[in-house]
Every structure is written in C-alpha cells, then in structure tokens.
Amino acid sequence: MHTILFITGNRGKFLEAQRLLQGFGIMVEQADLDIVEPQAETLEEVVEKCAKEALKMLEKSFIIEDSGLFIKALNGFPGVYSSYVYEKIGCEGILKLLSDVRDRSAYFMTALAYGEPNGEIKIFTGRIDGEIAVEKRGAGGFGYDPIFIPLGSNLTFAEMSIEEKNLFSHRAKALREFASWFLEHVGK
Ligand code: ITT
C-alpha cells in the first residue's frame with residue numbers, strides 16, 4: 001500500500017481523488033500548503049510551476065492539480081482564470097454571460113502533477129466535454145458542478161454522487177492515467 005500527499009485546499013477535489021485512488025490501492029492524505037497559483041497560459045504550465053514550489057517544501061511524494069472550465073462561446077473563458085472568475089461571479093455570472101447563447105458546449109480539464117523528493121515531476125491530463133446547463137441544478141460537488149452536464153448524461157455534476165462524477169470527470173481521467181503509471185513505475 002502506498003501513501004502520497006494531495007496538495008489542495010479543496011476538500012471536494014480531495015474526496016474525489018481519495019475515492020478513485022482507493023480502487024488502485026493508493027492512499028492519499030490532504031495537505032493544504034500555501035502555494036500561490038502563478039499566472040500562466042495553460043493548466044499544465046500552472047501545475048508544473050506549483051509542483052516545483054511544492055518540491056522545495058516537501059520530502060514526500062505528492063500530487064497537485066489545476067483544473068478549469070473552458071466555454072466555447074466565450075473563447076475558452078474562464079479557462080486558467082476559473083478560480084478567480086468563480087470567486088468574483090460564480091455560476092450565476094457564467095449563466096448570465098450565456099443567457100442568449102445557443103451553443104453551450106464547454107469542457108473541463110485537469111492537469112495533474114506527480115512529484116517525488118528526488119526531483120522528478122510527471123504531468124497527466126484529463127478532459128470531459130459537455131455543456132453548460134440553463135440553470136443551476138443539484139446540491140453535490142463544488143465550484144461549477146451545478147452548471148456542467150457531461151456528454152453522456154442528463155445530470156449536472158452536482159446531481160451526481162462522487163462515484164458517478166468519477167465515471168465522467170476530467171479529474172478522474174487524469175487520476176486514472178496517473179494511477180496506472182504510478183503502479184507500473186513505483187511498483188505495487
Ligand atoms: P486547489 O487548492 O487545488 O488549487 P481550487 O479550488 O483553487 O483548489 P482550481 O484552481 O483547480 O482549484 O480550480 C479552479 C476553479 O474551478 C475553482 O473555482 C474550482 O471550484 C473550479 N473547479 C475545479 N474543478 C472542478 C470540478 O471538478 N467541478 C466544478 N468546478 C471545478
């Protein structure tokens with residue numbers, strides 16, 4: 001059994017990762033380190049910079065991830081600014097921006113970095129396409145979950161249990177990639 005840290009201040013993310021990685025025999029502990037998110041053009045760049053910062057502070061293997069919602073009609077906004085935009089205008093603000101918009105396609109993406117005390121950093125990504133709902137629905141999840149409907153379902157992420165969201169989500173895809181690689185490279 002392996003134990004790694006998941007560096008995040010977001011409990012919802014942690015619970016999703018914990019549930020999924022359990023199935024691979026990988027235990028996670030939440031670590032809420034004070035890492036300031038750098039500005040960068042892609043989620044991969046952001047997470048790589050964060051992982052380098054974390055490497056300086058930790059002597060244990062860890063994962064850290066950065067996620068974002070990319071809306072087609074808004075040219076990919078809020079994308080790398082998802083956190084700031086959520087704090088400022090929330091789901092309601094996004095719904096207002098899309099009030100007259102027919103093409104509501106959007107995707108969620110996660111870039112996940114695994115870091116080891118020896119300095120190795122490896123990046124994994126996951127993406128789920130879907131659309132923005134016309135109103136908020138559901139009480140589960142966090143962030144933009146009440147307004148995102150993944151392709152293949154009629155429910156928003158906030159209407160799903162953690163297990164159901166893990167069948168679809170960007171995060172779950174990145175975590176599965178990571179877990180397969182980890183078990184192969186670090187051993188069972
Ligand atoms: P960290 O401590 O891990 O950075 P965070 O909540 O700041 O937690 P991100 O920067 O990765 O996480 O997320 C950017 C925004 O997107 C933030 O407002 C999240 O709530 C939202 N978000 C990320 N993943 C999401 C998901 O699976 N469902 C809904 N919203 C999500």
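In listed order, ligands and their atoms are each counted from 1. Position 1 is the first residue of the sequence, and the numbers go up from there.
For S105 and D103, the side-chain atoms include at least one donor-acceptor pair closer than 3.5 Å.
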Please output the side-chain donor-acceptor pairs of residues 35-44 that fall under 3.5 Å, not counting sequence neighbours, one pair per line with the distance.
unit_1 : atom_1 : unit_2 : atom_2 : d
T42    : OG1    : E45    : N      : 3.1
T42    : OG1    : E45    : OE2    : 3.3

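Distance from atom 30 (N) of ligand 1 to its nearest protein heavy atom, with residue and atom name: Y144 N, 3.0 Å. The shortest contact between atom 6 (O) of ligand 1 and any protein heavy atom is with N10 ND2, 3.0 Å. Of all protein heavy atoms, the one lying nearest to atom 27 (O) of ligand 1 is K165 NZ, 2.7 Å. Ranking protein heavy atoms by distance to atom 24 (N) of ligand 1, first place goes to R171 NH2, 2.8 Å. Of the protein's non-hydrogen atoms, S83 OG, 3.7 Å is the one closest to atom 7 (O) of ligand 1. Protein heavy atom in closest approach to atom 13 (O) of ligand 1: S67 O, 3.6 Å. The closest protein non-hydrogen atom to atom 20 (O) of ligand 1 is G143 CA, 3.4 Å. In terms of protein heavy atoms, atom 28 (N) of ligand 1 is closest to D145 OD1, 2.6 Å.
Between the choices R11, K13, E37, E87, the shortest heavy-atom distance to atom 12 (O) of ligand 1 belongs to K13. If you check each of F168, F142, Y84 against atom 19 (C) of ligand 1, the one with the closest non-hydrogen atom is F142.
The backbone N or O of L98 lies less than 3.5 Å from a partner atom in the side chain of R104, making a donor-acceptor pair. Between the side chain of T8 and the backbone N or O of F14 there is no donor-acceptor pair closer than 3.5 Å. A distance-only check finds a donor-acceptor pair linking the side chain of Y144 to the backbone of S82 [under 3.5 Å].
Under a hydrophobic-cluster definition in which Ile, Leu, Val, Met, Phe, Trp and Tyr are linked whenever side-chain heavy atoms come within less than 4.5 Å, directly or via other members, F124 and L20 are assigned to the same cluster.
Both tests hold for K165 against F157: distance to the six-membered ring centre under 6.0 Å, angle to the ring axis within 45°.
The shortest N or O to N or O distance between G9 and ligand 1 is below 3.5 Å. Residue-to-ligand polar distances place H170 within reach of ligand 1: an N/O pair is separated by less than 3.5 Å.
A salt bridge does not link E16 with R19: none of the charged nitrogens is closer than 4.0 Å to a carboxylate oxygen. Checked for salt-bridge contact, E48 and K52 meet the test: a charged N lies under 4.0 Å from a carboxylate O. Between K136 and E92 there is a salt bridge, with a side-chain nitrogen of the basic residue lying less than 4.0 Å from a carboxylate oxygen of the acidic one.
Of the heavy atoms in Y86, only side-chain atoms (C-beta onward) come closer than 4.0 Å to ligand 1.
Distances below 4.0 Å separate heavy atoms of T8 from the following atoms of ligand 1: 1 (P), 2 (O), 3 (O), 8 (O). Applying the 4.0 Å criterion to heavy atoms of S82 picks out, from ligand 1, the atoms 14 (C), 15 (C), 16 (O), 18 (O). Heavy-atom proximity to D66, at under 4.0 Å, picks out these atoms of ligand 1: 9 (P), 10 (O), 11 (O).
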